[in-house]
Amino acid sequence: MAAVAVTVAGLLALTACGDGGGDGATQSPQADAKKKVEVFSWWTGPGEADGLKAMKEIFEKQNAGLEFFDAAVAGGSGDKARALLTTKLQAQTPPDTFQGHAGAELQGYIKAGQLEPLNFLYDELKLKDVFPQQLIDQISVEGQVYSVPVNIHRSNVMWFNPAVLKEAGVTEVPKTIPDFVAALEKVKQKGKIPLSIGSEWTMVHLLESVLLGSLGTDAYNQLWTAGSDWSGPAMTKALDDFKTILSYAGDPADDWQPAAKQVADGEAAFNIMGDWAYGYFHNPPDGGLGKTSKTDFDWAPSPGTGGTFMWLSDSFTLPKGAPNRDGAVAWLKVAASKEGQDAFNPKKGSIPARKDADTALYTDYLADALKDWGGNKLAGSIQHGVVVNDAWRVAINEAVGLFHGDKDVAALQKALAEAAKNSGQ
Amino acid sequence: MTRVRRWLPGLLLVTPSIIAIAVFVYGMLGWNFQLAMTDKHDEVSEGSFVGLENFFTLWDQKRWGISVNHAIVFTVVFVFGALLLGWLLAFLMEKGIRGEGTFRAVYLFPMAISFVATGVVWRWLMNSGQGERAVGLNRLFDSLGLEFLQWQWFRDPDWGMAAMAIPAIWQMSGYVMALFLAGFRGVPEDLREAARVDGCGEWQVYRHIVLPMLRPVTLSALIILGHISLKVFDLIVAVSGKQIITDVPAVFMWVAVFDSHDPAKGATIASYIVLAVSVFVIPYLVWTLRRERSS
């Protein structure tokens, strides 16, 4: 009998370990003199981790009784972090606050009732006056806002190598899709890679820019509303454009960095990638390529999308049942503040979501982005979780992955329409 | 009382593992099958019983067909590649090579590495860049004047999964070698002598005496490699990530559960993986059981 009891106790201990993995520190906050606030993110890389540290310092200065606990999990775009987060939320041991892409990507958590609406915080801090109205609209679910955007990245950026363009005789940066195709053809004649591309997700990234450029901003924004038209001729045309553009792509590189590097090294002419590529091009060699902007590489809005800012944003949330809710709210206040965003963003290489940022802090590409953020129309990114939830995004990725194999536009359109329908459109 | 004393300590000794296996293996398996037969297609809904519906609708998805196809190509190339190479290495060793111990260790070492580490290295070796952009193996071919051997490796639409099997073969053939070497050594020398006395050539000794006696070893190797192959996940993710072009059921399962948030679909795929592995394992269990009884 004793042996059985020991076994059962052992099993219980085992399961307990499984539940509590790694957050033992937050389970007993009272044991510490300072109350810990567990902040869960995937910011561990160069730049982003520095930005997080800068915000942490502000947070601890403003909140003497609270201690920042960094629960970051490494891995780009939060793949691994989110898998761990899922298990923590299901075990009902949420962190005090966690990072998530602002927009539809949070829908799963919202539907599961795992997030608290933050309207009270928006009202208290008058955030509706400092964030662009379109941003608030695009992240609201039935009038409720569930996260605080800390930064803004731009998705529809075309990076190019001026020397390669000159050599190919492309005198003007292509502004429309037909111009772009003509330029790609000229580069091809010279034997260089016209458009560099990375793994599967970078093709979806390309698709969102092509859709925006081909359909136009209003039609693109309609795709995510009840009045969407995925089966019509405009969509067929856009997908044909996508096929044409993709036919100029080089062999897929391992990920976005090697693809961007082909442009920096003068092997390829164009690359369409989010503006995190700027840091990679520009930063000194330990984290980047150490290139000079405007001479080694240059940028423009992706073809057909001038005047529109396709955005994505990292934001922080307030999980229901956060062990230290007051601490989490204090963190969200720092994340929403001008001081916090201006400390974080120059280091991360992104721009603040707030309109009242200190423009002197943002130079070169970031100054451009900040200017456009203030004046452009806004559209949300697909691949980075603004306009589609996870299931829909996976379905789009699948459709594009299959299309890469068979190049069948009709099948792609059908798959995209079906994905939209299955996601309640 | 004495009878109790005889079986009780033994029972107590095995009870912990019986309970652990009951909960963590069969309990979880049962839970998985039960989940696969519900319509719990997101994490929130309760999920009601729908029978085998998920098992049928999965086949309507193009991605599932592709990933099954990939798994078959990978399994065939990997299992036969590793068996052949392992057998060949063991055959050479058995011939009494000098420094056999060293060679044995050298070939066994890859097994000590995790598939993830292997994958990271081979991801670079099998880079698809060619010509000026070649790195890894393509670069090697280039500098050896063997440009015609350059290809896209795992990005090849038809034979990509065969390329994916190469790192797995590299890693596991040493283990197969060790199995076969033990098998070779298990063939008594006097049997071979007797065959030679009867006029067998060296080749015939292998053909009629040694190979038939290796059959049990081959079968064990087949089972071990087969089940590794059908469940392969880490190697694929380390080499290419979660792309359709190298999709296999285990990767699809991960995507279904953690990216699409569709537990029922993930459980269905998991069930298929378990069933596929049991096709390998159950006949083996039956066979060993029968053999044990007969001896």
Side-chain angles (χ1 to χ4, degrees), chain A residues 1-4 6-8 10-11 14-15 18 76 79-80 82-87 89-90 107-114 191 193 196 198-201 203 250-255 258 262 265 267-268 389-395 397-406 411 415 422, chain B residues 8-9 11-20 22-24 41-45 61-67 120 123-124 126-135 138 152-155 157-158 160 237 239-247 252 254-263 265:
Chain A
M1 199 53 222
V4 174
V6 168
T7 319
V8 172
L11 285 175
L14 262 179
T15 42
D79 245 21
K80 296 170 192 76
R82 297 194 59 207
L84 176 62
L85 183 63
T86 304
T87 57
L89 290 176
Q90 279 177 355
Q107 269 176 16
Y109 305 125
I110 297 169
K111 244 168 74 183
Q114 289 161 334
I193 301 172
S196 65
S199 49
E200 201 171 279
W201 74 264
M203 292 177 210
D251 284 335
D254 275 346
D255 207 338
Q262 290 176 353
D265 292 348
E267 290 172 0
N389 61 23
D390 283 331
W392 193 350
R393 194 195 49 188
V394 171
N397 270 272
E398 265 178 34
V400 172
L402 294 170
F403 175 76
H404 185 57
D406 61 20
N422 290 341
Chain B
L8 191 66
L11 181 69
L12 286 180
L13 207 64
V14 293
T15 312
S17 60
I18 288 179
I19 294 178
V23 173
F24 291 108
H41 290 301
D42 55 57
E43 279 144 3
V44 199
S45 59
Q61 294 195 18
K62 213 169 160 194
R63 178 174 184 167
W64 173 244
I66 288 175
S67 70
V120 171
R123 171 193 178 129
W124 177 79
M126 299 199 292
N127 191 294
S128 62
Q130 295 179 20
E132 279 175 25
R133 282 182 301 281
V135 290
N138 278 353
Q152 290 203 301
W153 299 100
F154 63 88
R155 289 189 191 284
D158 300 318
V237 171
V239 173
S240 106
K242 301 175 290 189
Q243 307 190 67
I244 302 273
I245 197 156
T246 54
D247 201 36
F252 192 9
W254 167 276
V255 171
V257 176
F258 289 104
D259 295 345
S260 315
H261 304 283
D262 187 341
K265 186 163 144 192

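Chain A is the first sequence line, chain B the second, and so forth, proteins listed ahead of strands; every chain is numbered from 1. Computation of the quantities below employed the complete heavy-atom set of this structure, encompassing side-chain atoms and omitting hydrogens, waters and symmetry-equivalent molecules.
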Asker: Please flag which part of A:S199 lies under 4.5 Å from any non-hydrogen atom of chain B: side chain, backbone, both or neither.
Answerer: both
Asker: Which bit of A:Q90 is near chain B, if near means a heavy-atom gap under 4.5 Å: side chain, backbone, both or neither?
Answerer: side chain
Asker: With sequence neighbours left out, what residues match B:R123 under side-chain hydrogen bond (donor to acceptor under 3.5 Å, both in side chains)?
Answerer: A:D254
Asker: Which atoms of A:P252 are under 4.5 Å from chain B, going by heavy atoms: the side chain, the backbone, both sets, or neither?
Answerer: both
Asker: Between B:I66 and chain A, which part of the residue has a heavy atom less than 4.5 Å away: side chain, backbone, both or neither?
Answerer: side chain
Asker: Quick check: do A:H404 and B:I244 have side-chain heavy atoms less than 4.5 Å from each other?
Answerer: no
Asker: side-chain contact (heavy atoms from CB on, under 4.5 Å) for B:K62 and A:D406? Distances and angles first, verdict last.
Answerer: CA-CA 12 Å; B:K62 213 169 160 194; A:D406 61 20; 2.7 Å; yes
Asker: Tell me, side chain or backbone of A:A415 under 4.5 Å from chain B's heavy atoms, or both, or neither?
Answerer: neither
Asker: Please flag which part of B:W254 lies under 4.5 Å from any non-hydrogen atom of chain A: side chain, backbone, both or neither.
Answerer: side chain
Asker: Please report the shortest heavy-atom distance between A:A391 and B:S260, naming the atom on each side.
Answerer: CB-O, 3.5 Å
Asker: Can you check whether A:A399's main-chain N or O pairs, donor with acceptor, with B:R63's side chain at less than 3.5 Å?
Answerer: no
Asker: For the backbone of B:Q243 and the side chain of A:E200, can you confirm whether one donor and one acceptor N or O come within less than 3.5 Å of each other?
Answerer: no
Asker: Which atoms of B:N127 come close to chain A, meaning under 4.5 Å heavy atom to heavy atom: side chain ones, backbone ones, both, or neither?
Answerer: side chain
Asker: Provide the closest heavy-atom pair for B:D259 versus A:D390 in the form atom of the first, atom of the second, distance.
Answerer: O-CB, 3.0 Å
Asker: According to side-chain hydrogen bond (donor to acceptor under 3.5 Å, both in side chains), who are the partners of A:Q107, at least two apart in sequence or on a separate chain?
Answerer: A:N389
